[in-house]
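Worksheet for the structure shown next.
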Amino acid sequence: MGILAGKNGLIVGVANERSAAWGIAKAAHQHGANLAFSYQMDAFKKRLEPLAGEVGSDILLPCDLAEDGAADRLIAALGQHWNRLDFVVHAVGFSDKAELKGPYFNTSRANFEQTLLISAFSLTELTRAAVPMMTGGGAVLTLSYLGGVRTTPNYNVMGVAKAALEASVRYLAVDLGGRNIRVNTLSAGPMKTLAGAAISGARHVFRHSEEQAPLGRNPDIDEVGKAAVYLVSDLSSGVTGETHYADGGYHHIGVPNEG
Ligand code: NAD
């Protein structure tokens, strides 16, 4: 029996086996959770099918969060399989790659809108849709990055979206605390994923972070998965509205030690 035994969890954001959401799915499965997945588009479904099979899931549902009403349709479809949902993982981000380089002030109105909609507001939509199924309380978890609270090269409008995402988590935590639904952010260090590679100069950020982090490395998706198990399980029953870092301690460093 694991700490997530008997818990039903929806995982949004597995694109492939390098996705942070996949690390979370594996860890949640190891701890006994039943899992359902959504995929953004058909091309991702093919990659997701064998992965979902590895963790004993055959619930794969389409959901493009750029579409109006997509979160409601996803939860309605999930309701055909389960009558209760215990946790939701939102590991979603998108911005035009062309604007993840150079100065932030070149951000276009159109890309500001789509980045904030998909990378920040979709958490609120997904949570609102999921709440009626979370009848026994539960946990919502999203993924953020340090670029939401400090500047990092080329992160630009994604940093602004992460700031909005982290603020959304605090507001949602207040809205939902009375239903015993906790809402938290996991702020991960740089990982080599599809989304990570879209940011210009990602290699420099990756190397700098691993050199400066107290643990001397960036997290892998399995470490992110273990931290996520804490945040979606009763181990963190007293924790909500929190931004929890899984970055090898990097965010604590002001001036790095010499040598
Ligand atoms: P990834 O590319 O594997 O995952 C991103 C996911 O977002 C994909 O599954 C994609 O389908 C989904 N997505 C994008 N647009 C969508 C839409 N319109 N509708 C539904 N889904 C959509 O990359 P990842 O690094 O695992 O990203 C997951 C989360 O982790 C993101 O929020 C990202 O910002 C965050 N994060 C990543 C890093 C990193 O260095 N890679 C660090 C900290 C936080």
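Atoms within each ligand, like the ligands themselves, are counted from 1 in listed order.
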Do the charged groups of Lys26 and Glu17 touch, with an N to O distance under 4.0 Å? no
With Lys192 as the cation and Phe206 as the aromatic partner, state whether NZ or CZ is under 6.0 Å from the six-membered ring centre and within 45° of the axis. yes
His90/Ser122 under side chain to side chain donor-acceptor pair (under 3.5 Å): CA gap, chis, key distance, verdict: CA-CA 9 Å; His90 170 276; Ser122 67; 2.8 Å; yes
Stepwise side chain to side chain donor-acceptor pair (under 3.5 Å) test for Glu242 and Asn184: CA-CA 5 Å; Glu242 188 65 23; Asn184 290 294; over 6 Å; no
Indicate, with yes or no, if Met191 and Val229 share a hydrophobic cluster defined by side-chain heavy-atom contacts under 4.5 Å among Ile, Leu, Val, Met, Phe, Trp and Tyr. yes
Taking non-hydrogen atoms within less than 4.0 Å of ligand 1, which protein residues qualify? Gly13, Val14, Ala15, Ser19, Ala20, Gln40, Phe44, Cys63, Asp64, Leu65, Ala66, Ala91, Val92, Gly93, Phe94, Ile118, Leu143, Ser144, Tyr145, Lys162, Ala188, Gly189, Pro190, Met191, Thr193, Leu194, Ala195, Gly196
For atom CZ of Arg47, decide whether the heavy atoms of other residues, nucleotides or ligands shown that lie under 6.0 angstrom number more than 12. yes
